[in-house]
2 protein chains.
Amino acid sequence: MRKTIFIFAALIIALLALFKLSTYSFLSGNSPIETIIAVIAIVFFVIGVIINKKVLHNEKKIVQEIDHKKIEEIGLSKREYEVLCQIASGLSNKEIANALFVSESTIKTHVSNLLVKLDAKRRTQAIQIAKELRIIVN
Amino acid sequence: MRKTIFIFAALIIALLALFKLSTYSFLSGNSPIETIIAVIAIVFFVIGVIINKKVLHNEKKIVQEIDHKKIEEIGLSKREYEVLCQIASGLSNKEIANALFVSESTIKTHVSNLLVKLDAKRRTQAIQIAKELRIIVN
DNA sequence: AAAACACTCATACTAAAGTATGAAATATTA
DNA sequence: TAATATTTCATACTTTAGTATGAGTGTTTT
């Protein structure tokens with residue numbers, strides 16, 4: 001957020017400077033007006049593109065960011081969240097157990113608890129709900 | 001977020017207008033060129049924004065579009081694809097059967113065939129693979 | 001028409017997934 | 001320190017998922 005403000009502030013300053021420069025060079029110098037106009041057109045075109053890119057980029061980022069507050073709000077523990085991510089990547093309980101170096105029964109308890117907290121009946125539904133809540137990416 | 005962006009955009013435009021007005025009053029109207037320059041700057045700025053928006057919009061669309069060719073390439077039938085979508089939305093076989101007005105065993109065969117075609121061991125993995133192949137949306 | 005395909009369904013089976021309960025060790029926090 | 005939450009694991013059980021096989025019914029395609 002602060003970054004965006006900084007970027008915009010800098011842009012405004014740059015714009016002001018550009019305007020001053022353009023009017024200055026136009027009044028004092030004897031350079032062709034058409035060139036100045038062309039340069040200004042190009043510069044502002046580029047500025048427009050850059051600003052828009054930044055804006056859309058940030059929007060995209062926000063859309064794909066995970067909501068850590070929601071994870072806490074739901075009450076998912078660290079381990080449960082890890083298991084949830086592994087489920088979403090398509091692993092079985094046994095595979096998750098191997099990946100996290102624990103027994104399969106441990107994973108089963110985690111899954112069971114995680115399903116209750118997400119209000120899901122199945123792991124596939126848990127994936128869907130977690131995605132809607134922006135708890136996991138994809 | 002969008003609000004801030006709008007506010008800043010409005011600020012920039014206001015600044016440009018102000019600058020134009022100030023210079024205009026300073027020179028007391030004997031330089032329409034500055035007005036032209038200002039107008040051109042604004043116009044090209046807007047053009048830049050619009051063009052960029054269109055380009056990025058198309059990119060986004062492409063990213064989120066489903067690859068129908070891939071569905072054919074893999075050899076998924078219409079019904080199998082329907083079942084895949086229902087799986088991705090978190091339904092059980094019985095629920096899918098009810099939704100599509102067929103028996104659960106029918107869904108089981110569809111699922112089994114679909115898993116082979118997607119080279120998946122589980123339905124959760126099928127979701128993941130289908131998403132990577134851009135066969136289903138998020 | 002015959003072959004190939006898609007869709008349907010059933011049965012029987014194996015393999016996972018998920019529930020319930022209890023329990024123990026370790027952090028974390030009041 | 002006591003209380004609480006997390007993580008771990010086990011056993012027993014029910015449910016769902018997935019496989020294999022066979023078969024009937026339509027559609028296309030050859």
Side-chain angles (χ1 to χ4, degrees), chain A residues 66-133 135-136, chain B residues 66-133 135-136:
Chain A
I66 55 177
D67 193 344
H68 295 281
K69 288 172 191 170
K70 206 125 213 168
I71 296 171
E72 267 196 64
E73 195 185 313
I74 291 166
L76 277 183
S77 74
K78 196 192 265 181
R79 211 56 164 165
E80 284 163 354
Y81 181 69
E82 278 184 288
V83 172
L84 174 62
C85 293
Q86 303 281 309
I87 286 173
S89 68
L91 300 186
S92 69
N93 288 341
K94 197 173 282 180
E95 287 170 341
I96 297 171
N98 291 333
L100 300 183
F101 304 106
V102 292
S103 79
E104 193 187 341
S105 62
T106 303
I107 301 301
K108 281 191 178 185
T109 37
H110 284 323
V111 171
S112 222
N113 293 331
L114 151 186
L115 288 179
V116 171
K117 288 177 184 179
L118 283 173
D119 194 29
K121 292 176 189 167
R122 283 162 293 282
R123 43 173 55 210
T124 50
Q125 198 180 1
I127 296 171
Q128 191 61 24
I129 291 169
K131 224 164 272 166
E132 277 173 10
L133 294 174
I135 278 176
I136 57 174
Chain B
I66 56 178
D67 194 344
H68 295 280
K69 289 172 190 170
K70 208 127 212 167
I71 296 172
E72 267 195 65
E73 194 185 314
I74 292 166
L76 278 183
S77 74
K78 196 193 267 181
R79 209 58 164 165
E80 284 164 356
Y81 180 70
E82 279 184 287
V83 172
L84 174 62
C85 292
Q86 302 281 310
I87 287 173
S89 67
L91 300 186
S92 70
N93 289 340
K94 196 172 284 181
E95 287 170 340
I96 298 170
N98 291 333
L100 301 183
F101 304 106
V102 293
S103 78
E104 193 186 343
S105 62
T106 303
I107 300 300
K108 281 191 178 184
T109 38
H110 285 321
V111 171
S112 221
N113 294 330
L114 150 186
L115 288 178
V116 171
K117 289 177 182 176
L118 283 173
D119 195 29
K121 291 175 190 167
R122 281 162 293 283
R123 44 173 54 211
T124 49
Q125 200 180 0
I127 295 171
Q128 191 60 27
I129 290 169
K131 225 164 272 168
E132 277 173 9
L133 294 174
I135 278 177
I136 57 173

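All chains are named by letter (A, B, ...) in the order of the sequence lines, taking the proteins before the strands, and each is independently numbered beginning at 1.
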Give the rounded distance in Å between these two atoms: [atom1] of [X] and [atom2] of [N].
X      : N      : atom1 : atom2 : answer
A/R123 : C/dG18 : CZ    : C1'   : 9 Å
A/I107 : C/dG18 : CD1   : P     : 12 Å
B/I96  : D/dA17 : CD1   : C1'   : 11 Å
A/I74  : D/dT6  : CD1   : P     : 14 Å
A/K108 : D/dT16 : NZ    : C1'   : 12 Å
B/Q86  : D/dA17 : CD    : P     : 13 Å
A/L114 : C/dT19 : CG    : P     : 10 Å
B/Q125 : C/dA15 : CD    : P     : 18 Å

Checking side chain to side chain contact (heavy atoms under 4.5 Å, CB included) for the pair B/T106/B/R79: CA distance, chi angles, key distance, verdict? CA-CA 10 Å; B/T106 303; B/R79 209 58 164 165; over 6 Å; no
Can you tell me how far the [atom1] atom of [X] sits from the [atom2] atom of [Y], to the nearest 0.5 Å?
X      : Y      : atom1 : atom2 : value
A/D119 : A/K121 : CG    : NZ    : 9.0 Å
B/I136 : B/Q86  : CD1   : CD    : 11.5 Å
B/I87  : B/S92  : CD1   : OG    : 10.5 Å
A/C85  : A/I96  : SG    : CD1   : 10.0 Å

Only one of B/L114, B/I74, B/I71 clears side chain to side chain contact (heavy atoms under 4.5 Å, CB included) with B/Y81; which? B/I71
Within less than 4.0 Å of OP1 or OP2 of [N], is there a side-chain N or O belonging to [X]?
X      : N      : value
B/R122 : D/dG18 : no
A/N93  : C/dA16 : no
A/S112 : C/dT19 : yes

For nucleotides 2-9 of chain C, give me one character per nucleotide, 5' to 3': B if any protein heavy atom sits under 4.0 Å from the base, S if the only such contacts are to the sugar-phosphate, - if neither. ----SSBB
Let me have DNA chain C in dot-bracket notation, would you? Count Watson-Crick plus G-U wobble pairs, both distances under 3.5 Å, and use [ ] for pairs crossing earlier ones and | for inter-strand partners. ||||||||||||||||||||||||||||||
Please report the C-alpha distance between A/H68 and A/E72 in whole Å, then the side-chain angles of each, then the deciding distance to 0.1 Å, and finally whether the side chain to side chain contact (heavy atoms under 4.5 Å, CB included) criterion is met. CA-CA 7 Å; A/H68 295 281; A/E72 267 196 64; over 6 Å; no
Could you please name the option among D/dT16, D/dT19, C/dA17 that lies closest to any side-chain atom of B/L115? D/dT19
Check whether any side-chain heavy atom of [X] lies under 4.5 Å from a side-chain heavy atom of [Y], and answer yes or no.
X      : Y      : result
A/R122 : B/E95  : yes
A/L118 : A/L84  : yes
B/L91  : A/T124 : no
A/L133 : A/D67  : no

List, with names and distances, any nitrogen or oxygen atoms from the protein found under 3.5 Å away from nitrogen or oxygen atoms belonging to nucleotides 28-30 of chain C.
none

Option among B/R123, B/H110, B/K108 that satisfies the side-chain hydrogen bond (donor to acceptor under 3.5 Å, both in side chains) test with B/N93: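 So, applying the side-chain hydrogen bond (donor to acceptor under 3.5 Å, both in side chains) to B/N93 and each of B/R123, B/H110, B/K108, only B/R123 qualifies.
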